[in-house]
Colleague: 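Quick one: the structure is below, and I'll ask about it shortly.
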Amino acid sequence: MRVPINTITPDTPSAEVIGWAHEIRDLGGLAFLLIRDRTGIIQVTVPKKKVAPEIAETIRAISRESVVRVTGMVKPEGKAPGGRELIPDAIEIVSLSATPLPLDVAEKVPAELDTRLDNRFLDARRPRVSAIFKIRNAVQHATRNFFFDNGFIEINTSKIVAAATEGGTELFPIAYFEKEAFLNQSPQLYKQMMMAAGFEKVYEIGPIFRAEEHNTTKHLNEATSIDIEVSFTDHIGVMQTLEDLVRDIYQFVDKTCSDAIADLGLDSFAVPEKGFPRLPYSEAIEIASAKCEEDIAYGDDIGTAAERAIGEEMGRMYFIVDWPSSIRPYYAMPYENDPEICKAFDMMHPRMELSSGAQRVHQHDLLVEQIAKKGLNPENFEFYLNPFRFGMPPHAGWGLGAERLVTTMLGLPNVREAVLFPRDRHRVVP
RNA sequence: GCCCAGAUAGUGUAGUGGCCUAUCAUGUCGGCCUGUCACGCCGACGACUCGGAUUCGAAUUCCGAUCUGGGCGCCA
């Protein structure tokens with residue numbers, strides 16, 4: 001019976017392991033074979049004169065990264081990693097690996113991200129890479145738990161749509177029989193429709209597609225969005241939900257992923273403290289214009305340099321609130337007493353934006369007015385506007401970039417590190 | 001969309017016109033080696049992205065193509 005490598009202790013009498021040949025060190029009369037599975041590494045020690053001759057022969061035939069099965073006695077051994085080693089009774093090559101390897105799994109020689117992504121299955125054999133995806137798994141698990149516990153309904157909406165929901169962003173056109181269709185850039189419209197459907201609290205974890213030709217370490221053309229929409233609340237309410245969720249995710253990762261965190265070599269893993277500051281846009285602009293060379297004025301979008309300057313000043317996760325209505329989408333609810341600003345927010349990590357959301361406009365006529373104000377034709381929004389005519393409750397929501405959350409949480413240098421098979425400007429394979 | 005940079009063995013690199021039959025590491029193959037843990041030692045193998053130009057001579061300069069990385073804008 002095969003056992004996971006990390007379950008073998010110095011007290012284990014005997015074991016069968018199946019895993020990948022991580023390294024082979026042949027000293028002549030004595031050989032060491034390191035076997036790795038997803039739980040850890042164990043050393044197989046082969047004193048060639050004391051084991052069956054066919055075992056010594058098999059050892060010579062093993063190439064690195066082959067899948068091998070070893071059964072044998074476990075011996076406590078201070079000199080071996082993990083304080084134990086395996087003395088083989090039998091070794092079998094289950095699947096021989098070809099040589100040379102396209103990249104060095106043992107990480108003696110680094111590989112560039114591009115090489116790694118071309119050979120992602122090999123790259124992901126490296127503990128520091130698989131650790132990222134174990135943590136990503138915990139992030140999504142914690143997210144689903146959080147929403148389930150808080151009475152949210154998970155929805156799955158179509159990624160094939162007839163038109164843009166928000167405008168602005170470029171869409172990927174696809175052939176849909178005799179019609180033109182697109183890959184969806186956001187579940188925004190569907191979430192809002194479910195408010196009209198009376199679901200009250202919904203969330204979706206799903207892909208979003210954006211055909212923008214950006215080329216940065218924080219953009220993807222296919223990303224995973226954690227999206228919520230909640231009725232009978234406002235932006236303040238969903239901001240609190242967002243802060244609670246993010247802290248909950250960090251706590252869950254902290255509690256359940258200590259091995260993965262250690263594999264990543266993180267010195268510290270800090271759960272963000274309660275009470276993310278709510279920084280009004282106008283104050284954010286003041287900080288940015290004081291710290292940045294370039295001219296930054298009220299009404300400008302917050303660019304990369306400004307974002308960095310403000311993040312430095314804040315030094316923790318924070319919200320930017322009370323944005324000018326002019327630079328937010330038509331569906332962001334303007335303040336009743338000051339329609340020049342709106343109930344929209346961004347949630348920021350000092351490094352980058354993680355989420356944006358708002359209380360939405362739920363009044364049909366106001367929405368038409370807002371669409372027209374943006375220079376868009378309300379007639380093109382029939383499909384979107386229809387639910388607003390038949391009893392749309394007040395509601396608010398946000399979208400949170402799952403990859404960015406993981407990237408900032410783990411201090412990864414590039415958002416592509418947090419995606420198994422990233423899609424960017426140049427990459428469609430594998 | 002705009003801008004910048006880069007492309008050398010399987011991998012990661014050195015190399016600013018002749019000293020390049022191209023450096024180093026890792027790897028692979030062969031040999032030696034009984035406590036390695038980046039094992040060590042000896043030997044071998046393996047590369048200048050493509051096309052054009054300049055030049056007596058190009059990995060190196062220039063032009064074009066292809067591929068790649070990054071910055072900006074916009075965004076999650």
Side-chain angles (χ1 to χ4, degrees), chain A residues 22-34 41-51 56 60 63-65 75 77-82 85 87 97-119 122-123 166-170 185-188 206-227 242 294 300-308 327-329 346-349 351-357 398-408 413-416 418-419 424-427:
Chain A
H22 188 68
E23 264 185 80
I24 302 150
R25 286 193 273 273
D26 191 339
L27 274 59
L30 185 67
F32 300 99
L33 167 66
L34 300 183
I41 288 181
I42 191 166
Q43 174 171 291
V44 177
T45 301
V46 188
K48 289 185 190 165
K49 284 178 188 155
K50 292 181 196 163
V51 299
R60 280 187 67 83
S63 54
R64 292 196 315 155
E65 295 305 317
K75 253 184 51 189
E77 173 54 73
K79 292 175 215 159
E85 62 186 9
I87 311 295
S97 171
T99 58
L101 295 164
L103 60 83
D104 177 16
V105 176
E107 291 190 280
K108 284 180 188 166
V109 179
E112 288 194 350
L113 186 57
D114 194 47
T115 307
R116 292 173 45 209
L117 293 176
D118 281 341
N119 302 280
L122 274 177
D123 182 50
E166 302 181 30
T169 298
E170 294 292 314
Q185 60 169 139
S186 153
Q188 172 77 17
I208 56 171
F209 304 91
R210 304 198 171 173
E212 281 153 11
E213 298 186 7
H214 34 44
N215 195 212
T216 76
T217 56
K218 59 178 182 180
H219 288 99
L220 295 162
N221 291 296
E222 179 182 9
T224 307
S225 180
I226 300 169
D227 259 277
L242 179 52
E294 57 194 290
D300 290 346
D301 258 312
I302 293 179
T304 307
E307 187 176 288
R308 206 172 294 134
I327 53 172
R328 300 298 288 209
D346 280 357
M347 199 203 70
M348 313 292 296
H349 180 277
R351 266 179 77 189
M352 65 181 89
E353 179 184 342
L354 298 185
S355 170
S356 77
W398 43 254
L400 167 66
E403 287 85 6
R404 286 191 177 185
L405 180 64
V406 172
T407 300
T408 53
N414 191 318
V415 72
R416 293 170 180 86
V419 192
D424 60 37
R425 176 72 186 82
H426 300 291
R427 181 173 289 278

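We name chains A, B, ... by the order of the sequence lines, and we start the count at 1 in each one. Since this is a predicted model, take the numbers as computed values, not measurements. Just so you know, these numbers use all the heavy atoms, side chains as well, and skip hydrogens, waters and symmetry mates.
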Colleague: What distance, rounded to whole Å, do you find between the two C1' atoms, one in B:G1 and one in B:C75?
Modeller: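 Comparing C1' positions in B:G1 and B:C75 gives a spacing of 15 Å.
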Colleague: When the P atoms of B:U13 and B:A38 are considered, how many whole Å apart are they?
Modeller: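 Between the two P atoms, the distance is 23 Å.
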Colleague: Can you list everything that forms a side chain to side chain donor-acceptor pair (under 3.5 Å) with A:R116? Sequence neighbours excluded, please.
Modeller: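 A:D123, A:E417.
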Colleague: Could you go through nucleotides 10-14 of chain B and list every protein N or O atom that sits under 3.5 Å from one of its N or O atoms, giving the distance for each pair?
Modeller:
| from | atom 1 | to | atom 2 | distance (Å) |
| --- | --- | --- | --- | --- |
| B:G10 | O2' | A:L101 | O | 3.1 |
| B:U11 | O2' | A:P110 | O | 3.0 |
| B:G12 | OP1 | A:E112 | N | 2.9 |
| B:G12 | OP1 | A:T115 | OG1 | 2.7 |
| B:G12 | O4' | A:P110 | O | 3.0 |

Colleague: Would you kindly check whether a donor in the side chain of A:E85 faces an acceptor in the base of B:G35, or vice versa, at under 3.5 angstrom?
Modeller: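 Side chain to base: pair found, below 3.5 Å.
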Colleague: Counting the atoms with a prime plus P, OP1 and OP2 as sugar-phosphate, which does A:I226 contact under 4.0 Å by heavy atoms, base, sugar-phosphate, or nothing?
Modeller: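 Result for A:I226 = nothing.
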Colleague: A:D301 has a side chain; which of B:A38, B:G1, B:C74 sits nearest to it?
Modeller: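 Within the option list, the nearest is B:C74.
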Colleague: Is it the case that B:C67 (base atoms only) and A:H426 (side chain only) share a donor and an acceptor within less than 3.5 Å, ignoring hydrogens and angles?
Modeller: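 Checked by distance alone, the answer is no.
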Colleague: Expressed as a whole number of Å, how far does the C1' atom of B:G69 sit from that of B:U16?
Modeller: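 Each nucleotide's C1' atom is 23 Å from the other's.
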Colleague: Distance check needed: B:C37 P versus A:L27 CG, whole Å only.
Modeller: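 Computing the A:L27:CG to B:C37:P distance gives 8 Å.
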Colleague: Go through the steps to decide whether A:D118 and A:R427 satisfy the test side-chain contact (heavy atoms from CB on, under 4.5 Å), and finish with yes or no.
Modeller: CA-CA 9 Å; A:D118 281 341; A:R427 181 173 289 278; 3.0 Å; yes
Colleague: Apply ring-ring contact (aromatic ring centres under 6.0 Å, His included) to A:H219 and list each qualifying residue two or more places apart in sequence or on a separate chain.
Modeller: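 A:H214.
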Colleague: Is there, by distance only and without an angle test, a donor paired with an acceptor across the side chain of A:R427 and the base of B:C67 below 3.5 Å?
Modeller: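 Per atom types, no contact qualifies.
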Colleague: Rounded to whole angstrom, note down the C1' distance from B:A22 over to B:C45.
Modeller: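 Rounded to whole Å, the distance is 16 Å.
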Colleague: Could you tell me whether A:E65 contacts a base, only the sugar-phosphate backbone, or nothing, with contacts defined as non-hydrogen atoms closer than 4.0 Å?
Modeller: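 Answer is nothing: A:E65 stays at 4.0 Å or more from every strand.
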Colleague: Select base, sugar-phosphate, or nothing to describe what A:K218 touches, counting heavy atoms under 4.0 Å on all strands.
Modeller: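 It contacts base atoms.
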Colleague: So what does A:A80 hit on the nucleic acid, given a heavy-atom distance under 4.0 Å: a base, only sugar-phosphate, or nothing?
Modeller: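 Contact class for A:A80: base.
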Colleague: Between C1' on B:U49 and CG on A:D114, what's the gap in Å once rounded to a whole number?
Modeller: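 Result: 14 Å.
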Colleague: Could you work out the separation of B:G30 and B:C37 based on their P atoms and round it to a whole Å?
Modeller: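 Nearest-Å result for B:G30 against B:C37 at atom P: 22 Å.
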Colleague: Sequence neighbours excluded, which residues qualify as side chain to side chain donor-acceptor pair (under 3.5 Å) partners of A:R404?
Modeller: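 For A:R404, no residue satisfies side chain to side chain donor-acceptor pair (under 3.5 Å) once neighbours in sequence are set aside.
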Colleague: Restricting to salt bridge (charged side-chain N to carboxylate O under 4.0 Å, His left out), what partner residues turn up for A:D301, sequence neighbours left out?
Modeller: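 Here no residue qualifies.
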Colleague: Going by the rule salt bridge (charged side-chain N to carboxylate O under 4.0 Å, His left out), which residues pair with A:R425 if we only count those two or more places apart in sequence or in a different chain?
Modeller: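 Testing A:R425 for salt bridge (charged side-chain N to carboxylate O under 4.0 Å, His left out), a comparison that skips the adjacent residues, returns A:E213.
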Colleague: Ignoring hydrogens and angles, does a donor from either the side chain of A:H214 or the base of B:C74 sit under 3.5 Å from an acceptor on the other?
Modeller: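 There is none.
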